[in-house]
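What follows is a single structure, written as C-alpha coordinates, with notes after it.
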There are 2 protein chains.
Amino acid sequence: MVGMSRPDGDQRVALPQPDPGVAQHITLTGPLADRDSWRADACPIVAALDVLGTRSAFVILREAFYGASRFEQFVKRTQLSEPVMATRLKELTEVGVLAKEPYREPGERTRNAYRLTEKGAELLPALTALFSWGSRWQLSGPQQVELAHADCGGLVTSVLQCEHGHPVDAGAVELRSMHRRRELVVQGRAGERPTRA
Amino acid sequence: MVGMSRPDGDQRVALPQPDPGVAQHITLTGPLADRDSWRADACPIVAALDVLGTRSAFVILREAFYGASRFEQFVKRTQLSEPVMATRLKELTEVGVLAKEPYREPGERTRNAYRLTEKGAELLPALTALFSWGSRWQLSGPQQVELAHADCGGLVTSVLQCEHGHPVDAGAVELRSMHRRRELVVQGRAGERPTRA
DNA sequence: CATCTCACTTAGGTTTCTCATAGCCAGAGA
DNA sequence: TCTCTGGCTATGAGAAACCTAAGTGAGATG
(Lines give C-alpha, C1' and ligand atoms only; values in the text may rest on other atoms or scores of the structure.)
Protein backbone atom coordinates (compact mmCIF):
# COMPACT_ATOMS: atom_id res chain seq x y z
CA MET A 1 0.00 0.00 0.00
CA VAL A 2 3.00 2.19 0.14
CA GLY A 3 2.70 3.49 -3.35
CA MET A 4 -1.02 3.58 -2.78
CA SER A 5 -2.70 5.43 -5.55
CA ARG A 6 -4.69 8.37 -4.44
CA PRO A 7 -7.15 9.75 -6.90
CA ASP A 8 -7.01 13.33 -5.85
CA GLY A 9 -4.54 16.08 -5.11
CA ASP A 10 -1.42 14.60 -3.67
CA GLN A 11 0.55 16.88 -1.46
CA ARG A 12 2.84 14.49 0.26
CA VAL A 13 6.11 16.11 1.21
CA ALA A 14 9.32 14.90 2.75
CA LEU A 15 9.38 16.89 5.92
CA PRO A 16 12.00 16.25 8.53
CA GLN A 17 15.38 14.61 8.33
CA PRO A 18 15.01 11.59 10.54
CA ASP A 19 17.54 11.06 13.24
CA PRO A 20 19.71 7.98 13.21
CA GLY A 21 17.43 5.71 15.13
CA VAL A 22 17.59 6.18 18.84
CA ALA A 23 14.28 5.26 20.35
CA GLN A 24 13.08 3.42 23.39
CA HIS A 25 11.12 0.33 22.89
CA ILE A 26 8.66 -1.72 24.84
CA THR A 27 9.96 -4.01 27.56
CA LEU A 28 9.05 -7.65 27.25
CA THR A 29 8.42 -9.22 30.62
CA GLY A 30 8.17 -12.67 32.16
CA PRO A 31 7.96 -15.55 29.73
CA LEU A 32 7.84 -13.08 26.86
CA ALA A 33 11.26 -11.65 27.64
CA ASP A 34 12.98 -13.97 25.20
CA ARG A 35 11.31 -12.85 22.01
CA ASP A 36 12.58 -15.78 20.04
CA SER A 37 10.86 -18.25 22.33
CA TRP A 38 7.29 -17.36 21.34
CA ARG A 39 5.28 -16.46 18.30
CA ALA A 40 2.87 -13.58 18.13
CA ASP A 41 0.04 -15.82 17.03
CA ALA A 42 -2.66 -13.94 18.86
CA CYS A 43 -1.49 -10.45 18.05
CA PRO A 44 -4.23 -7.91 18.75
CA ILE A 45 -2.84 -5.57 16.15
CA VAL A 46 -3.15 -8.20 13.45
CA ALA A 47 -6.61 -9.05 14.76
CA ALA A 48 -7.59 -5.41 14.42
CA LEU A 49 -6.18 -5.29 10.90
CA ASP A 50 -8.24 -8.31 9.98
CA VAL A 51 -11.15 -5.91 10.22
CA LEU A 52 -9.63 -2.63 9.08
CA GLY A 53 -6.78 -3.75 6.94
CA THR A 54 -7.80 -1.86 3.84
CA ARG A 55 -7.56 1.74 2.89
CA SER A 56 -11.27 1.73 2.18
CA ALA A 57 -12.15 0.56 5.68
CA PHE A 58 -10.17 3.36 7.23
CA VAL A 59 -11.64 5.95 4.93
CA ILE A 60 -15.15 4.70 5.56
CA LEU A 61 -14.56 4.85 9.28
CA ARG A 62 -13.24 8.35 8.91
CA GLU A 63 -16.42 9.44 7.19
CA ALA A 64 -18.54 7.65 9.75
CA PHE A 65 -16.84 9.75 12.40
CA TYR A 66 -17.38 12.81 10.24
CA GLY A 67 -21.07 12.04 10.33
CA ALA A 68 -21.85 10.04 7.20
CA SER A 69 -24.47 7.36 7.55
CA ARG A 70 -25.98 6.75 4.11
CA PHE A 71 -24.63 4.75 1.25
CA GLU A 72 -24.68 7.70 -1.06
CA GLN A 73 -22.85 9.91 1.40
CA PHE A 74 -20.17 7.34 1.93
CA VAL A 75 -19.65 6.92 -1.78
CA LYS A 76 -19.51 10.61 -2.51
CA ARG A 77 -17.31 11.56 0.40
CA THR A 78 -14.79 8.76 0.24
CA GLN A 79 -14.48 8.69 -3.54
CA LEU A 80 -14.63 4.92 -3.38
CA SER A 81 -16.55 2.97 -5.98
CA GLU A 82 -19.97 1.59 -5.22
CA PRO A 83 -18.94 -2.06 -5.35
CA VAL A 84 -16.15 -1.49 -2.86
CA MET A 85 -18.47 0.51 -0.66
CA ALA A 86 -21.16 -2.15 -0.67
CA THR A 87 -18.66 -4.87 0.14
CA ARG A 88 -16.93 -2.97 2.86
CA LEU A 89 -20.14 -1.76 4.50
CA LYS A 90 -21.37 -5.30 4.60
CA GLU A 91 -18.16 -6.54 6.16
CA LEU A 92 -17.99 -3.76 8.69
CA THR A 93 -21.59 -4.45 9.58
CA GLU A 94 -20.94 -8.16 9.92
CA VAL A 95 -18.09 -7.65 12.33
CA GLY A 96 -20.17 -5.19 14.32
CA VAL A 97 -18.28 -1.99 13.71
CA LEU A 98 -21.26 -0.49 11.93
CA ALA A 99 -24.93 -1.29 12.39
CA LYS A 100 -27.71 -1.00 9.86
CA GLU A 101 -30.61 1.16 10.86
CA PRO A 102 -33.61 1.46 8.58
CA TYR A 103 -34.82 4.96 7.89
CA ARG A 104 -37.36 6.48 5.63
CA GLU A 105 -37.52 9.88 4.07
CA PRO A 106 -41.03 11.14 3.31
CA GLY A 107 -41.96 10.05 -0.17
CA GLU A 108 -39.08 7.62 -0.35
CA ARG A 109 -38.79 3.98 0.35
CA THR A 110 -37.10 2.54 3.39
CA ARG A 111 -33.32 2.48 3.23
CA ASN A 112 -30.50 1.56 5.54
CA ALA A 113 -28.30 3.95 7.41
CA TYR A 114 -24.97 2.72 8.71
CA ARG A 115 -23.99 3.94 12.10
CA LEU A 116 -21.03 3.36 14.33
CA THR A 117 -21.64 0.91 17.09
CA GLU A 118 -19.82 1.16 20.38
CA LYS A 119 -17.28 -1.22 18.92
CA GLY A 120 -16.82 1.10 16.00
CA ALA A 121 -16.79 4.25 18.08
CA GLU A 122 -13.93 2.86 20.10
CA LEU A 123 -11.75 3.03 17.05
CA LEU A 124 -11.56 6.78 17.44
CA PRO A 125 -8.26 6.73 19.36
CA ALA A 126 -6.70 4.62 16.62
CA LEU A 127 -7.98 6.90 13.89
CA THR A 128 -6.92 9.95 15.85
CA ALA A 129 -3.44 8.59 16.41
CA LEU A 130 -2.99 8.00 12.70
CA PHE A 131 -4.49 11.40 12.00
CA SER A 132 -2.04 13.19 14.28
CA TRP A 133 0.94 11.26 13.04
CA GLY A 134 0.07 11.74 9.41
CA SER A 135 -0.55 15.39 9.97
CA ARG A 136 2.71 15.95 11.73
CA TRP A 137 5.06 13.77 9.74
CA GLN A 138 3.56 13.31 6.32
CA LEU A 139 1.59 16.34 5.36
CA SER A 140 2.45 19.92 4.86
CA GLY A 141 1.10 22.76 2.87
CA PRO A 142 -2.16 24.58 3.31
CA GLN A 143 -5.62 23.07 3.35
CA GLN A 144 -4.84 20.95 6.31
CA VAL A 145 -7.34 19.98 8.91
CA GLU A 146 -6.90 19.29 12.58
CA LEU A 147 -8.77 17.90 15.53
CA ALA A 148 -9.56 20.24 18.37
CA HIS A 149 -11.08 19.99 21.80
CA ALA A 150 -14.50 21.61 21.69
CA ASP A 151 -14.16 22.85 25.25
CA CYS A 152 -10.81 24.60 25.06
CA GLY A 153 -9.77 24.64 21.43
CA GLY A 154 -6.57 22.71 22.08
CA LEU A 155 -5.29 20.21 19.55
CA VAL A 156 -6.43 16.69 20.19
CA THR A 157 -4.03 13.78 19.99
CA SER A 158 -3.94 10.21 21.13
CA VAL A 159 -1.65 9.62 24.08
CA LEU A 160 -0.70 6.64 26.19
CA GLN A 161 -2.35 6.37 29.53
CA CYS A 162 -2.74 3.57 32.02
CA GLU A 163 -6.00 2.56 33.57
CA HIS A 164 -5.14 4.54 36.69
CA GLY A 165 -4.94 7.70 34.69
CA HIS A 166 -1.18 8.05 34.68
CA PRO A 167 0.42 9.43 31.55
CA VAL A 168 2.68 6.69 30.23
CA ASP A 169 6.04 7.31 28.66
CA ALA A 170 6.95 5.11 25.71
CA GLY A 171 9.84 3.67 27.69
CA ALA A 172 7.54 2.66 30.51
CA VAL A 173 5.39 0.27 28.54
CA GLU A 174 5.67 -3.42 29.24
CA LEU A 175 4.33 -6.31 27.27
CA ARG A 176 3.13 -9.10 29.49
CA SER A 177 1.03 -12.16 29.15
CA MET A 178 -2.43 -11.76 30.49
CA HIS A 179 -3.21 -14.44 32.99
CA ARG A 180 -6.75 -13.88 34.07
CA ARG A 181 -6.41 -10.78 36.15
CA ARG A 182 -9.81 -10.56 37.75
CA GLU A 183 -9.01 -7.91 40.24
CA LEU A 184 -7.57 -5.04 38.30
CA VAL A 185 -10.83 -3.96 36.72
CA VAL A 186 -11.01 -0.27 37.28
CA GLN A 187 -12.59 2.68 35.63
CA GLY A 188 -15.03 0.58 33.62
CA ARG A 189 -17.94 2.82 32.75
CA ALA A 190 -21.30 1.21 33.19
CA GLY A 191 -22.81 -0.41 30.14
CA GLU A 192 -19.48 -1.37 28.74
CA ARG A 193 -19.50 -4.45 26.65
CA PRO A 194 -16.76 -6.97 27.04
CA THR A 195 -14.87 -5.66 30.04
CA ARG A 196 -12.07 -8.09 30.47
CA ALA A 197 -11.75 -10.04 33.72
CA MET B 1 -7.58 -7.40 3.93
CA VAL B 2 -10.61 -8.54 5.76
CA GLY B 3 -10.23 -12.16 4.98
CA MET B 4 -6.54 -11.68 5.41
CA SER B 5 -4.77 -14.99 5.51
CA ARG B 6 -2.80 -15.49 8.63
CA PRO B 7 -0.19 -18.19 8.60
CA ASP B 8 -0.46 -19.21 12.20
CA GLY B 9 -3.04 -20.17 14.77
CA ASP B 10 -6.19 -18.24 14.18
CA GLN B 11 -8.29 -17.68 17.24
CA ARG B 12 -10.61 -14.97 16.10
CA VAL B 13 -13.92 -15.12 17.88
CA ALA B 14 -17.18 -13.26 17.62
CA LEU B 15 -17.35 -11.60 20.96
CA PRO B 16 -20.05 -9.08 21.74
CA GLN B 17 -23.39 -8.42 20.20
CA PRO B 18 -23.06 -4.95 18.81
CA ASP B 19 -25.63 -2.43 19.73
CA PRO B 20 -27.80 -0.81 17.09
CA GLY B 21 -25.54 2.06 16.28
CA VAL B 22 -25.82 4.94 18.65
CA ALA B 23 -22.53 6.76 18.78
CA GLN B 24 -21.39 10.32 18.89
CA HIS B 25 -19.36 11.60 16.06
CA ILE B 26 -16.95 14.39 15.44
CA THR B 27 -18.29 17.89 14.91
CA LEU B 28 -17.31 19.60 11.71
CA THR B 29 -16.77 23.31 12.21
CA GLY B 30 -16.50 26.44 10.13
CA PRO B 31 -16.18 25.94 6.41
CA LEU B 32 -16.01 22.21 6.96
CA ALA B 33 -19.47 22.02 8.48
CA ASP B 34 -21.09 21.18 5.17
CA ARG B 35 -19.33 17.93 4.48
CA ASP B 36 -20.49 17.80 0.90
CA SER B 37 -18.81 21.07 0.08
CA TRP B 38 -15.24 19.84 0.41
CA ARG B 39 -13.13 16.81 -0.40
CA ALA B 40 -10.77 15.18 2.03
CA ASP B 41 -7.86 15.50 -0.35
CA ALA B 42 -5.25 16.08 2.29
CA CYS B 43 -6.43 13.51 4.76
CA PRO B 44 -3.77 12.80 7.36
CA ILE B 45 -5.11 9.32 7.90
CA VAL B 46 -4.67 8.46 4.26
CA ALA B 47 -1.25 10.09 4.35
CA ALA B 48 -0.31 7.86 7.26
CA LEU B 49 -1.61 4.81 5.46
CA ASP B 50 0.53 5.67 2.48
CA VAL B 51 3.39 4.65 4.71
CA LEU B 52 1.88 1.91 6.85
CA GLY B 53 -0.95 0.66 4.76
CA THR B 54 0.14 -2.95 4.68
CA ARG B 55 -0.12 -5.71 7.17
CA SER B 56 3.61 -6.24 6.88
CA ALA B 57 4.41 -2.64 7.80
CA PHE B 58 2.32 -2.85 10.94
CA VAL B 59 3.82 -6.16 11.94
CA ILE B 60 7.33 -4.91 11.33
CA LEU B 61 6.64 -1.85 13.42
CA ARG B 62 5.27 -4.07 16.14
CA GLU B 63 8.48 -6.05 16.22
CA ALA B 64 10.55 -2.90 16.15
CA PHE B 65 8.73 -1.81 19.29
CA TYR B 66 9.29 -5.27 20.73
CA GLY B 67 12.99 -4.74 20.25
CA ALA B 68 13.88 -6.28 16.89
CA SER B 69 16.52 -4.53 14.89
CA ARG B 70 18.13 -7.07 12.57
CA PHE B 71 16.90 -8.43 9.31
CA GLU B 72 16.99 -11.98 10.58
CA GLN B 73 15.04 -11.11 13.71
CA PHE B 74 12.38 -9.32 11.74
CA VAL B 75 11.97 -12.25 9.39
CA LYS B 76 11.80 -14.84 12.12
CA ARG B 77 9.50 -12.90 14.42
CA THR B 78 7.05 -11.59 11.89
CA GLN B 79 6.82 -14.74 9.80
CA LEU B 80 7.03 -12.60 6.72
CA SER B 81 9.05 -13.73 3.74
CA GLU B 82 12.47 -12.32 3.05
CA PRO B 83 11.49 -10.47 -0.13
CA VAL B 84 8.65 -8.71 1.61
CA MET B 85 10.87 -7.89 4.53
CA ALA B 86 13.61 -6.45 2.37
CA THR B 87 11.15 -4.34 0.42
CA ARG B 88 9.33 -3.08 3.46
CA LEU B 89 12.46 -2.29 5.45
CA LYS B 90 13.76 -0.30 2.55
CA GLU B 91 10.53 1.63 2.23
CA LEU B 92 10.23 2.30 5.93
CA THR B 93 13.82 3.47 5.94
CA GLU B 94 13.23 5.73 2.97
CA VAL B 95 10.30 7.46 4.60
CA GLY B 96 12.27 7.86 7.80
CA VAL B 97 10.34 5.62 10.12
CA LEU B 98 13.33 3.35 10.52
CA ALA B 99 17.00 4.21 10.21
CA LYS B 100 19.86 1.95 9.18
CA GLU B 101 22.68 1.69 11.63
CA PRO B 102 25.75 -0.37 10.75
CA TYR B 103 26.93 -2.79 13.39
CA ARG B 104 29.48 -5.51 13.54
CA GLU B 105 29.59 -8.64 15.57
CA PRO B 106 33.08 -9.95 16.33
CA GLY B 107 34.09 -12.32 13.57
CA GLU B 108 31.29 -11.18 11.33
CA ARG B 109 31.05 -8.65 8.63
CA THR B 110 29.35 -5.32 8.99
CA ARG B 111 25.57 -5.48 8.76
CA ASN B 112 22.72 -3.05 9.14
CA ALA B 113 20.43 -2.76 12.08
CA TYR B 114 17.10 -1.04 11.63
CA ARG B 115 15.98 1.15 14.45
CA LEU B 116 12.97 3.31 15.06
CA THR B 117 13.54 6.97 14.47
CA GLU B 118 11.63 9.58 16.37
CA LYS B 119 9.17 9.60 13.52
CA GLY B 120 8.76 5.87 13.90
CA ALA B 121 8.62 5.94 17.66
CA GLU B 122 5.73 8.35 17.49
CA LEU B 123 3.63 5.64 15.95
CA LEU B 124 3.36 3.96 19.32
CA PRO B 125 0.00 5.56 20.19
CA ALA B 126 -1.43 4.34 16.91
CA LEU B 127 -0.12 0.82 17.40
CA THR B 128 -1.28 0.83 20.99
CA ALA B 129 -4.74 1.97 20.04
CA LEU B 130 -5.07 -0.85 17.53
CA PHE B 131 -3.62 -3.23 20.08
CA SER B 132 -6.17 -2.32 22.73
CA TRP B 133 -9.07 -2.37 20.34
CA GLY B 134 -8.10 -5.69 18.82
CA SER B 135 -7.57 -7.16 22.23
CA ARG B 136 -10.89 -6.01 23.54
CA TRP B 137 -13.13 -6.58 20.54
CA GLN B 138 -11.51 -9.18 18.36
CA LEU B 139 -9.56 -11.59 20.47
CA SER B 140 -10.48 -13.95 23.19
CA GLY B 141 -9.13 -17.14 24.59
CA PRO B 142 -5.92 -17.65 26.46
CA GLN B 143 -2.45 -16.76 25.34
CA GLN B 144 -3.28 -13.13 25.11
CA VAL B 145 -0.84 -10.38 25.76
CA GLU B 146 -1.38 -6.92 27.11
CA LEU B 147 0.42 -3.65 27.58
CA ALA B 148 1.09 -2.49 31.09
CA HIS B 149 2.51 0.56 32.76
CA ALA B 150 5.91 -0.35 34.18
CA ASP B 151 5.44 2.00 37.14
CA CYS B 152 2.07 0.86 38.39
CA GLY B 153 1.13 -2.26 36.46
CA GLY B 154 -2.06 -0.73 35.08
CA LEU B 155 -3.21 -1.55 31.57
CA VAL B 156 -2.02 0.90 28.97
CA THR B 157 -4.36 2.23 26.33
CA SER B 158 -4.42 5.10 23.93
CA VAL B 159 -6.79 7.89 24.94
CA LEU B 160 -7.75 11.23 23.51
CA GLN B 161 -6.20 14.24 25.11
CA CYS B 162 -5.85 17.84 24.10
CA GLU B 163 -2.64 19.75 24.18
CA HIS B 164 -3.63 21.33 27.47
CA GLY B 165 -3.81 17.94 29.07
CA HIS B 166 -7.58 17.67 29.25
CA PRO B 167 -9.10 14.25 28.69
CA VAL B 168 -11.26 14.56 25.60
CA ASP B 169 -14.56 12.83 25.20
CA ALA B 170 -15.35 11.50 21.73
CA GLY B 171 -18.29 13.90 21.50
CA ALA B 172 -16.08 16.85 22.21
CA VAL B 173 -13.82 16.51 19.20
CA GLU B 174 -14.06 19.08 16.45
CA LEU B 175 -12.61 18.98 13.00
CA ARG B 176 -11.46 22.38 11.86
CA SER B 177 -9.30 23.76 9.15
CA MET B 178 -5.90 24.77 10.30
CA HIS B 179 -5.19 28.34 9.39
CA ARG B 180 -1.66 29.02 10.49
CA ARG B 181 -2.12 29.12 14.20
CA ARG B 182 1.19 30.51 15.31
CA GLU B 183 0.22 31.29 18.83
CA LEU B 184 -1.22 28.10 20.16
CA VAL B 185 2.07 26.26 20.30
CA VAL B 186 2.18 24.82 23.74
CA GLN B 187 3.84 21.96 25.44
CA GLY B 188 6.39 21.42 22.70
CA ARG B 189 9.26 19.55 24.23
CA ALA B 190 12.64 20.81 23.18
CA GLY B 191 14.23 19.04 20.27
CA GLU B 192 10.95 18.25 18.67
CA ARG B 193 11.06 17.98 14.95
CA PRO B 194 8.36 19.61 12.92
CA THR B 195 6.34 21.42 15.51
CA ARG B 196 3.67 23.11 13.52
CA ALA B 197 3.56 26.88 13.50
C1' DC C 1 41.19 -20.82 -2.80
C1' DA C 2 36.83 -23.22 -1.37
C1' DT C 3 33.12 -22.95 1.58
C1' DC C 4 29.71 -21.02 4.60
C1' DT C 5 26.39 -17.58 6.16
C1' DC C 6 23.69 -13.75 6.26
C1' DA C 7 21.33 -10.18 3.85
C1' DC C 8 19.35 -9.46 0.35
C1' DT C 9 17.42 -9.95 -4.98
C1' DT C 10 15.07 -12.16 -8.81
C1' DA C 11 11.45 -14.89 -10.89
C1' DG C 12 7.00 -16.65 -11.04
C1' DG C 13 2.51 -17.26 -9.32
C1' DT C 14 -1.78 -16.67 -6.14
C1' DT C 15 -4.92 -13.82 -3.62
C1' DT C 16 -6.89 -9.50 -2.53
C1' DC C 17 -8.16 -4.78 -3.35
C1' DT C 18 -9.64 -1.73 -6.35
C1' DC C 19 -11.90 0.26 -10.44
C1' DA C 20 -15.27 0.97 -14.29
C1' DT C 21 -19.28 -0.51 -16.47
C1' DA C 22 -23.56 -2.47 -16.54
C1' DG C 23 -27.24 -4.49 -14.61
C1' DC C 24 -31.26 -5.40 -11.01
C1' DC C 25 -34.96 -4.43 -7.83
C1' DA C 26 -38.23 -1.88 -4.77
C1' DG C 27 -41.11 1.66 -4.34
C1' DA C 28 -42.88 6.47 -5.53
C1' DG C 29 -44.89 9.47 -8.90
C1' DA C 30 -47.19 10.25 -13.35
C1' DT D 1 -48.47 0.55 -16.10
C1' DC D 2 -44.28 3.18 -17.19
C1' DT D 3 -40.59 5.56 -15.56
C1' DC D 4 -37.31 7.28 -12.42
C1' DT D 5 -34.18 7.00 -8.51
C1' DG D 6 -31.34 5.16 -4.99
C1' DG D 7 -29.11 1.21 -3.17
C1' DC D 8 -27.02 -2.35 -4.21
C1' DT D 9 -24.90 -6.69 -7.21
C1' DA D 10 -22.33 -8.82 -11.07
C1' DT D 11 -18.54 -9.01 -14.08
C1' DG D 12 -14.07 -8.40 -15.75
C1' DA D 13 -9.62 -6.39 -15.47
C1' DG D 14 -5.51 -4.07 -13.47
C1' DA D 15 -2.49 -3.22 -9.64
C1' DA D 16 -0.55 -4.48 -5.38
C1' DA D 17 0.68 -7.56 -1.54
C1' DC D 18 1.91 -11.63 -0.50
C1' DC D 19 4.21 -16.36 -1.04
C1' DT D 20 7.91 -20.09 -2.39
C1' DA D 21 12.07 -21.24 -4.48
C1' DA D 22 16.27 -20.11 -6.28
C1' DG D 23 19.85 -17.13 -6.92
C1' DT D 24 23.89 -13.44 -5.74
C1' DG D 25 27.65 -11.35 -3.39
C1' DA D 26 30.53 -9.76 0.48
C1' DG D 27 33.15 -11.11 3.94
C1' DA D 28 34.47 -14.49 7.48
C1' DT D 29 36.45 -19.31 8.26
C1' DG D 30 39.07 -23.44 6.80
Side-chain angles (χ1 to χ4, degrees), chain A residues 1-8 10 36 46 49-61 63 68-94 98-115, chain B residues 1-8 10 36 46 49-61 63 68-94 98-115:
Chain A
M1 209 189 264
V2 165
M4 177 184 262
S5 67
R6 304 193 320 144
D8 28 54
D10 200 305
D36 290 313
V46 172
L49 292 178
D50 277 351
V51 173
L52 343 145
T54 59
R55 181 177 84 110
S56 47
F58 276 97
V59 174
I60 288 169
L61 265 305
E63 290 305 330
S69 69
R70 302 180 184 184
F71 188 86
E72 173 205 22
Q73 294 175 325
F74 280 112
V75 169
K76 190 175 304 172
R77 299 175 184 182
T78 60
Q79 316 260 73
L80 293 167
S81 66
E82 291 185 351
V84 169
M85 186 57 62
T87 307
R88 212 59 71 219
L89 286 178
K90 183 184 291 182
E91 288 167 353
L92 290 172
T93 302
E94 276 167 5
L98 299 178
K100 276 196 265 195
E101 180 185 299
Y103 72 93
R104 177 164 194 167
E105 294 276 298
E108 303 258 308
R109 71 171 144 141
T110 302
R111 305 179 190 285
N112 285 316
Y114 299 85
R115 299 196 183 282
Chain B
M1 208 189 262
V2 165
M4 175 183 263
S5 67
R6 306 192 321 143
D8 28 54
D10 200 304
D36 290 312
V46 173
L49 291 178
D50 277 352
V51 174
L52 347 141
T54 59
R55 179 177 84 111
S56 49
F58 276 97
V59 174
I60 289 168
L61 265 306
E63 290 305 330
S69 69
R70 303 180 186 184
F71 187 86
E72 173 205 21
Q73 294 174 326
F74 280 112
V75 170
K76 190 174 305 173
R77 299 175 184 182
T78 60
Q79 316 261 73
L80 292 167
S81 66
E82 291 184 350
V84 169
M85 186 57 62
T87 306
R88 211 60 70 221
L89 286 178
K90 184 185 290 181
E91 287 167 354
L92 290 172
T93 301
E94 276 166 6
L98 299 177
K100 275 196 267 195
E101 180 185 299
Y103 72 93
R104 177 161 195 170
E105 294 276 298
E108 302 259 306
R109 72 172 144 139
T110 301
R111 305 180 190 286
N112 284 317
Y114 299 85
R115 300 196 184 280

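Hydrogens, waters and symmetry mates are skipped; everything else that's a heavy atom, side chains included, is used. Everything quoted here is computed from the prediction, not taken from an experiment.
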Check: Can you name the residues that form a side chain to side chain donor-acceptor pair (under 3.5 Å) with B:Arg109, not counting sequence neighbours?
Finding: none

Note to self: Can you identify which nucleotide, out of D:dG7, C:dT9, D:dC19, has its nearest atom closest to the B:Ala86 side chain?
What the structure shows: C:dT9

Notebook entry, point to check: Just how far, in rounded Å, is P of C:dT16 from CG of A:Leu49?
Noted result: 16 Å

Notebook entry, point to check: For A:Tyr103 and D:dG7, is the shortest distance between a side-chain N/O and OP1 or OP2 below 4.0 Å?
Noted result: yes

Margin query: Here's a test for you: under side-chain contact (heavy atoms from CB on, under 4.5 Å), which of B:Leu98, B:Ile60, B:Leu92 qualifies with B:Tyr114?
Written below: B:Leu98

Notebook entry, point to check: In whole Å, what is the span from the CZ atom of A:Arg55 to the C1' atom of C:dC19?
Noted result: 11 Å

Margin query: To the nearest 0.5 Å, what is the distance between CZ on B:Arg55 and CG on B:Leu80?
Written below: 6.0 Å

Next item on the list: Step by step, work out the side-chain contact (heavy atoms from CB on, under 4.5 Å) result for B:Phe58 and A:Leu49.
Entry: CA-CA 9 Å; B:Phe58 276 97; A:Leu49 292 178; 3.5 Å; yes

Item checked: With B:Thr87, the side-chain contact (heavy atoms from CB on, under 4.5 Å) member among B:Glu91, B:Lys90, B:Met85 -> B:Glu91

Notebook entry, point to check: OP1 or OP2 of C:dC8 less than 4.0 angstrom from a side-chain nitrogen or oxygen of B:Lys90, does that happen here?
Noted result: no

Check: Going 5' to 3' along nucleotides 20-30 of chain D, which nucleotides have protein heavy atoms under 4.0 Å from the base (write B), which only from the sugar-phosphate (write S), and which from neither (write -)?
Finding: BB---BBSSS-

Check: In whole angstrom, what separates B:Gln73's CD from C:dC6's C1'?
Finding: 13 Å

Check: C:dT18 phosphate, OP1 or OP2: any side-chain N/O from A:Ser56 under 4.0 angstrom?
Finding: yes

Notebook entry, point to check: Under 4.0 Å between a side-chain N/O of A:Tyr114 and OP1 or OP2 of D:dC8, yes or no?
Noted result: yes

Next item on the list: Please state how far atom CD1 in B:Ile60 lies from atom C1' in D:dC18, giving the value in whole angstrom units.
Entry: 12 Å

Next item on the list: Counting Watson-Crick and G-U wobble pairs whose two distances are both under 3.5 Å, find the runs of 3 or more in a row that involve DNA chain D.
Entry: C:1-30 with D:1-30

Item checked: Whole angstrom value for the distance that separates C1' of C:dA20 from CG of A:Leu80 -> 14 Å

Margin query: Run A:Asp36 and B:Arg77 through side-chain contact (heavy atoms from CB on, under 4.5 Å) and show every step you take.
Written below: CA-CA 7 Å; A:Asp36 290 313; B:Arg77 299 175 184 182; 3.0 Å; yes

Next item on the list: To the nearest Å, give me how far apart CG (A:Asn112) and P (C:dC25) are.
Entry: 18 Å

Next item on the list: Apply the test side-chain contact (heavy atoms from CB on, under 4.5 Å) to residues B:Val59 and B:Gln79: give CA-CA distance (whole Å), side-chain angles for both, the deciding distance (0.1 Å), then the verdict.
Entry: CA-CA 9 Å; B:Val59 174; B:Gln79 316 261 73; over 6 Å; no

Item checked: Whole angstrom value for the distance that separates C1' of C:dT5 from NZ of B:Lys76 -> 13 Å

Check: A:Met85 has an atom CE; how far is it from atom C1' of C:dT21, in whole Å?
Finding: 18 Å

Check: Any side-chain N or O of A:Arg111 under 4.0 Å from OP1/OP2 of C:dA26?
Finding: no

Note to self: Using side-chain contact (heavy atoms from CB on, under 4.5 Å), reason through B:Lys76 and B:Gln73 one step at a time and then give a plain yes or no.
What the structure shows: CA-CA 5 Å; B:Lys76 190 174 305 173; B:Gln73 294 174 326; 6.0 Å; no

Margin query: If I take atom CZ from residue A:Phe71 and atom CG from residue A:Leu89, how far apart are they, to the nearest 0.5 angstrom?
Written below: 6.5 Å

